[in-house]
Amino acid sequence: MLQAQLKPANLVVTCNQTHSTMAQTDAPSTPVMPMTHAKQTAESGSSAQLRHLSRYLVRNLGMLNAAFGDLPLSPVQAHALFEIGKQPLTIKELACKLSIDKSNASRAIKHLIDKNLALSQIHPRDSRCLVVQLTPAGKKLLLKLDTQQNQLFQEILAQLTPAQTSQIEEALMLYNQAVHNAKHQSGCHIRQATAQDDAAIAKVIRDVSAEYGLTADKGYSVADPTLDCLSQIYSQAGANYWIIELEGRILGGAGIAPLANNDGVCELQKMYFMPEIRGKGLATRVALMALDFARETGYQSCYLETTAALNEAVKLYEKLGFVHLSAPLGNTGHYACEMPMLLELNK
């Protein structure tokens, strides 16, 4: 089985025109701005095609069968066997690894125990719970399962060139990460900021600035005289600000605004997240939303400034296609941010 190793993203910080941006690299589920009919149609078509491919992939790999290949295991039991084969697990730990509820994991374990493929015993460090491990018969069946799966995937890969195989692996890792992020963004809501959000947004920016030592004397957003009325700033033509809300609390946001004295150029600004919503892929998602808005608005390029000390920020923007410039565009006042970057939006 192909498995992507997913790691939570780290916090990144970005500086921009009279603002600073804090982002989590590694984006909630409701689009903010009304999309054009063409964009809606394109996204609907892509979604339908991806759903179609996902359904057929699951079917063709036999995941809907009562038995896993020619072995006396259901797909859930087979996956449980794989995970327990790596190390003994509690029911809760197994449910988490398989992304299923505890009752489903418990039933799978009961079947494995009934077939003498697994056994449970008191957890060595917690007498209140049981830990499950494979029996010798379970280890023998796991070896047979591994052999069967290796043969299946060798036959699949025999249809592909090495380059195609690498392409599929990369695409599946991206898809897996997107699925992972979408699950962890459940409950988060992205919407356009209003005047009623100004105080909460300003507090987020001040709190995160204090957390990371972004002081006013270096021109970060915390020193911005318009910090308490951002909805007015982002209500201008060609600008927008999105906030991230979770359970009625505003916990982050990001904006796009024109870059002064640079026609056709916008800037990614004020991208901050509180600890509660970090590590959920929100930075990438919000940045992609902002860049979509910039393209639809007619901007030709998007600018930002950061610093080499903010390694994760640089990685995020490079991943999004930003390139390094030899000199800044205009006079942003961010003398501590020595790394200007630009993204051509129509490439």
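Residue numbers start at 1 and run along the sequence shown. Given the structure is predicted, the values throughout are model-derived calculations rather than measurements.
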Mind checking whether [X] and [Y] sit in one hydrophobic cluster, side chains of I, L, V, M, F, W, Y counted as touching below 4.5 Å?
X: Ile244; Y: Leu288; result: yes
X: Leu152; Y: Leu71; result: yes
X: Phe153; Y: Leu145; result: yes
X: Met63; Y: Val76; result: yes
X: Ile109; Y: Val131; result: no

Approximate separation, where rounding is to 0.5 Å, of [X] [atom1] and [Y] [atom2]:
X: Asn104; Y: Leu98; atom1: CG; atom2: CG; result: 8.5 Å
X: Gln148; Y: Gln151; atom1: CD; atom2: CD; result: 8.0 Å
X: Met173; Y: His180; atom1: CE; atom2: NE2; result: 12.5 Å
X: Leu134; Y: Gln87; atom1: CG; atom2: CD; result: 11.5 Å
X: Arg59; Y: Leu57; atom1: CZ; atom2: CG; result: 11.0 Å
X: His111; Y: Ser74; atom1: NE2; atom2: OG; result: 7.0 Å

Can a side-chain donor-acceptor contact be found between [Y] and [X] if the only test is distance below 3.5 angstrom?
X: Asn181; Y: Gln177; value: yes
X: Tyr234; Y: Gln192; value: no
X: Asp197; Y: Thr194; value: yes
X: Ser231; Y: Asp198; value: yes

Residue pairs, two or more places apart or on separate chains, that pass salt bridge (charged side-chain N to carboxylate O under 4.0 Å, His left out) and touch residues 89-110: Lys110-Asp114
Residue pairs involving residues 227-243 (criterion salt bridge (charged side-chain N to carboxylate O under 4.0 Å, His left out); sequence neighbours excluded): Arg206-Asp228
Given 3.5 Å as the limit, does a donor-acceptor pair link the side chain of [X] with the main chain of [Y], or not?
X: Ser235; Y: Gln232; answer: yes
X: Asn150; Y: Asp146; answer: yes
X: Asn262; Y: Ala260; answer: yes
X: Tyr317; Y: Met341; answer: no
X: Lys280; Y: His184; answer: yes
X: Gln236; Y: Ile233; answer: yes
X: Thr226; Y: Cys229; answer: no

Gln77/Leu81 under side-chain contact (heavy atoms from CB on, under 4.5 Å): CA gap, chis, key distance, verdict: CA-CA 6 Å; Gln77 293 165 20; Leu81 200 72; over 6 Å; no
Decide yes or no for [X] and [Y]: does some side-chain heavy atom of the first lie under 4.5 Å from some side-chain heavy atom of the second?
X: Ser47; Y: Arg51; result: yes
X: Leu230; Y: Ile205; result: yes
X: Ile122; Y: Leu130; result: yes
X: Leu73; Y: Leu117; result: yes
X: Pro275; Y: Glu211; result: yes
X: Gln159; Y: Gln164; result: no
X: Ile250; Y: Arg191; result: yes

Got more than 12 heavy atoms from elsewhere within 6.0 Å of [atom1], [X]?
X: Arg249; atom1: CZ; answer: no
X: Glu276; atom1: CD; answer: yes
X: Gln167; atom1: CD; answer: no
X: Asp263; atom1: CG; answer: no

Of all the heavy-atom pairs spanning [X] and [Y], show the shortest one and how long it is.
X: Glu338; Y: Pro340; result: O-CD, 3.2 Å
X: Ile256; Y: Cys302; result: CD1-SG, 4.1 Å
X: Leu246; Y: Gly187; result: CD1-O, 3.4 Å
X: Pro75; Y: Asn65; result: CD-O, 3.2 Å
X: Gly238; Y: Pro258; result: O-CD, 3.9 Å
X: Leu320; Y: Ala287; result: CD1-CB, 3.7 Å

Partners passing side-chain contact (heavy atoms from CB on, under 4.5 Å) against Leu50 (at least two apart in sequence or in another chain): Ser54, Tyr175
Electrostatic pair Lys86-Glu83, nearest N-O below 4.0 angstrom: yes
Residues Leu112, Ile84; criterion side-chain contact (heavy atoms from CB on, under 4.5 Å); working and verdict: CA-CA 11 Å; Leu112 293 180; Ile84 300 168; 4.3 Å; yes
Phe82 and His79 aromatic ring geometry - parallel, tilted or perpendicular at 30°/60° bounds: perpendicular
From CA spacing to verdict: side-chain contact (heavy atoms from CB on, under 4.5 Å), Arg278, Val208: CA-CA 12 Å; Arg278 295 174 190 165; Val208 177; 3.9 Å; yes
Evaluation steps, side-chain contact (heavy atoms from CB on, under 4.5 Å), between Leu157 and Leu160: CA-CA 5 Å; Leu157 296 180; Leu160 304 166; 4.1 Å; yes
